[in-house]
Amino acid sequence: MRCVMFAKQNFMLPAPSDGMQVFVFARPSMYEEKGEFQLTVTELLSTEQGGLWKLAFEKAKAALTKDGLLDPARKRRLPVYPRRIAVVTSPDGAALRDIQAVIGRRWPIAELIVVPAQVQGAKAEGSVCSALNRISRLAVDVLIVARGGGSVEDLWAFNSERVARAVAAMPMPVISAIGHETDVSLCDLVADLRAATPSAAAEAATPDRVEVLAQCGIVGQRLARALRIASRHVVERLNRSGDRLAVASNTESRFPVHGSRLTAHVSMHSLRSVCWPAATPLPDTDGQVLKRVAQLPSGKEFRLRVTDGEVNGRVQ
């Protein structure tokens, strides 16, 4: 018996192949021009489990698998602290409102870029691919492709092999959140991460600012403790340097012949190593800057500037 199925009923339906057994839901009609009785088909299902939709899904999945696009090794990590997050979804859907609410609560410093697209209907496939192409030219840290729940027909644009390949080709990590938790699309399979819902996708894309602030407080405490320890070590080094100066003074009293020369040598060396760069000039009592040894004859008086003030000195 002749059958006809018009575009209004089949525009989203995968084409059946020759020899396929199908279930047909139809109403009787008459083709008046030829006087022929026929069936006008309203719905067409394969006798295979899942129907034509399942067969088309598996065919596209096999092609993507052959090209390595479903390989877990190609999955990319999401950025820890994203600055720009892009979203492809319907501008009027609940999915966008859920994503905006979650990002605003968890990570409000991120810039949210929404690229609207039709997410169901005859033009959805082309609209989603066009939106993805626009985002591929932007500096974005992570992309969310989202759509709320619906029937197989409603979600079919995201089972398109063309859309799946466009998602796989994006230069930034992609989170796919299509339909409800039980719905798994080709976009979910090729994306870097699949989220059960649009809200879950927004949570996966962002850190929790409360936890980040708590971590910053812990790091601040560790830095303060490290600075205290470092400061204590500096003080201890300065104290040890003072002890060396005292030893030099005792040596001078024990060895009067060479004591003055040894004291001057040890003192100048200690002062240079502790609080004065070796190349720093010394001003004398007249204000003249002393830069060379020749300017320091025996008996010469000078002022020595150190970190906490000045001291008077004489060359011996």
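Here, residue 1 is the first one in the sequence, and each next residue gets the next number.
At least one donor-acceptor pair under 3.5 Å links the side chain of Arg84 to the backbone N or O of Ala139. Remark: side-chain polar atoms of Asp71 are not paired, donor with acceptor, to backbone N or O of Gly68 under 3.5 angstrom. Although no hydrogens or angles enter the test, the distance criterion places no donor-acceptor pair under 3.5 Å between the side chain of Asp67 and the main chain of Leu69. With hydrogens and angles disregarded, no donor-acceptor distance shorter than 3.5 Å links the side chain of Arg147 to the backbone of Gln120. A side-chain donor-acceptor contact under 3.5 Å links Asn159 to the backbone of Leu186. Not one N or O on the side chain of Ser127 forms a donor-acceptor pair closer than 3.5 Å with the backbone of Ala117. Under the 3.5 Å distance criterion, the side-chain polar atoms of Ser231 are matched with a main-chain donor or acceptor of Leu227. Although no hydrogens or angles enter the test, the distance criterion places no donor-acceptor pair under 3.5 Å between the side chain of Asn133 and the main chain of Ser130. For Thr40 (side chain) and Ser29 (main-chain N/O), no donor-acceptor pair under 3.5 Å exists by modelled atom type.
In this structure, the side chains of Arg105 and Glu203 come closer than 4.5 Å at one or more pairs of heavy atoms. Residues Pro116 and Ser90 fail the side-chain proximity criterion, which asks for heavy atoms closer than 4.5 Å. Looking at heavy atoms from C-beta onward, Arg162 lies in side-chain contact with Glu125 at the 4.5 angstrom threshold. Ile85 places a side-chain heavy atom less than 4.5 Å from the side chain of Ile144. A heavy-atom distance below 4.5 Å is found between the side chains of Pro108 and Arg209.
Arg97 contributes atom CZ, which lies 9.0 Å from atom CD of Gln100 (distance to the nearest 0.5 angstrom). Atom CG of residue Leu132 and atom CZ of residue Arg165 lie 14.5 Å apart, to the nearest 0.5 angstrom. Taking OH of Tyr81 as the start and CH2 of Trp107 as the end, the distance is 6.5 Å to the nearest 0.5 Å. Rounded to the nearest 0.5 angstrom, Ser185 OG and Trp156 CH2 are separated by 10.5 Å. The CE atom of Met172 sits 7.0 Å away from atom CG of Leu138, with the distance rounded to the nearest 0.5 Å. Distance check, rounded to the nearest 0.5 Å: CZ of Arg27 to OG1 of Thr42 gives 8.0 Å.
At most 12 heavy atoms of other shown residues, nucleotides or ligands fall within 6.0 angstrom of atom CZ in Arg134. Within 6.0 Å of atom NZ in Lys75, more than 12 heavy atoms from other residues, nucleotides or ligands are found, so the atom counts as buried in its surroundings. The number of heavy-atom neighbours closer than 6.0 Å to CD of Glu181, taken from other residues, nucleotides and ligands shown, is 12 or below. By the neighbour-count criterion of 12 heavy atoms within 6.0 Å, atom CZ of Arg83 is sparsely surrounded, having that number or fewer from other residues, nucleotides or ligands. For Glu32, the CD atom counts as loosely surrounded, since its 6.0 Å shell holds 12 or fewer non-hydrogen atoms of other residues, nucleotides or ligands.
No option in Val174, Val119, Leu143 other than Leu143 meets the side-chain contact (heavy atoms from CB on, under 4.5 Å) test with Val88. Tested against Thr206 for a side-chain contact (heavy atoms from CB on, under 4.5 Å), the candidates Ile103, Ile99, Val142 yield a single pass: Ile103.
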For this session: Could you go through the side chain to side chain contact (heavy atoms under 4.5 Å, CB included) check for Asp154 and Val152 one step at a time?
Result: CA-CA 5 Å; Asp154 294 337; Val152 175; over 6 Å; no

Exercise. Can you check side chain to side chain contact (heavy atoms under 4.5 Å, CB included) on Leu78 and Ile175, steps first, answer last?
Worked result: CA-CA 9 Å; Leu78 303 181; Ile175 303 174; 3.7 Å; yes

Exercise. Given Glu310 and Leu304, is the side chain to side chain contact (heavy atoms under 4.5 Å, CB included) satisfied, shown in steps?
Worked result: CA-CA 5 Å; Glu310 294 183 353; Leu304 176 64; over 6 Å; no

For this session: Test side chain to side chain contact (heavy atoms under 4.5 Å, CB included) on Leu64 and Leu189 and set out the steps.
Result: CA-CA 10 Å; Leu64 297 172; Leu189 298 180; over 6 Å; no

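Of all the heavy atoms in Phe57 and Val184, the pair that sits closest is CE1-O, 3.7 Å. In terms of heavy atoms, Ala146 sits closest to Thr89 at O-OG1, 2.9 Å. Minimum heavy-atom separation, Leu155 to Gly148: CD2-O, 3.6 Å. In terms of heavy-atom proximity, His180 sits nearest to Arg194 at O-NH2, 3.7 Å. Arg74 approaches Val190 most closely through the heavy-atom pair NH1-O, 3.1 Å. Pro82 and Ala205 get closest at one heavy-atom pair: CG-O, 3.1 Å.
Under the 4.5 Å side-chain contact rule for hydrophobic residues, Ile113 and Val167 share a cluster. Linking Ile, Leu, Val, Met, Phe, Trp and Tyr residues whenever their side-chain heavy atoms come within less than 4.5 Å places Val115 and Val145 in a single cluster. Clustering ILVMFWY residues whenever any of their side-chain heavy atoms sit less than 4.5 angstrom apart, transitively, puts Ile135 in a cluster other than the one holding Val87. Note on Val4: it does not cluster hydrophobically with Leu39, by side-chain heavy-atom contacts below 4.5 Å among ILVMFWY residues. Transitive grouping of hydrophobic side chains (ILVMFWY, heavy atoms separated by less than 4.5 Å) brings Val140 and Val128 into a common cluster.
Take Asp192 and apply the salt bridge (Lys or Arg N to Asp or Glu O under 4.0 Å) test, not counting sequence neighbours, and it matches Arg76.
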Mind listing the side-chain donor-acceptor pairs of residues 213-224 below 3.5 Å, one per line with the distance, residues two or more places apart or on another chain?
none

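Using a 4.0 Å cut-off between charged side-chain N and carboxylate O, Arg2 and Glu36 make a salt bridge.
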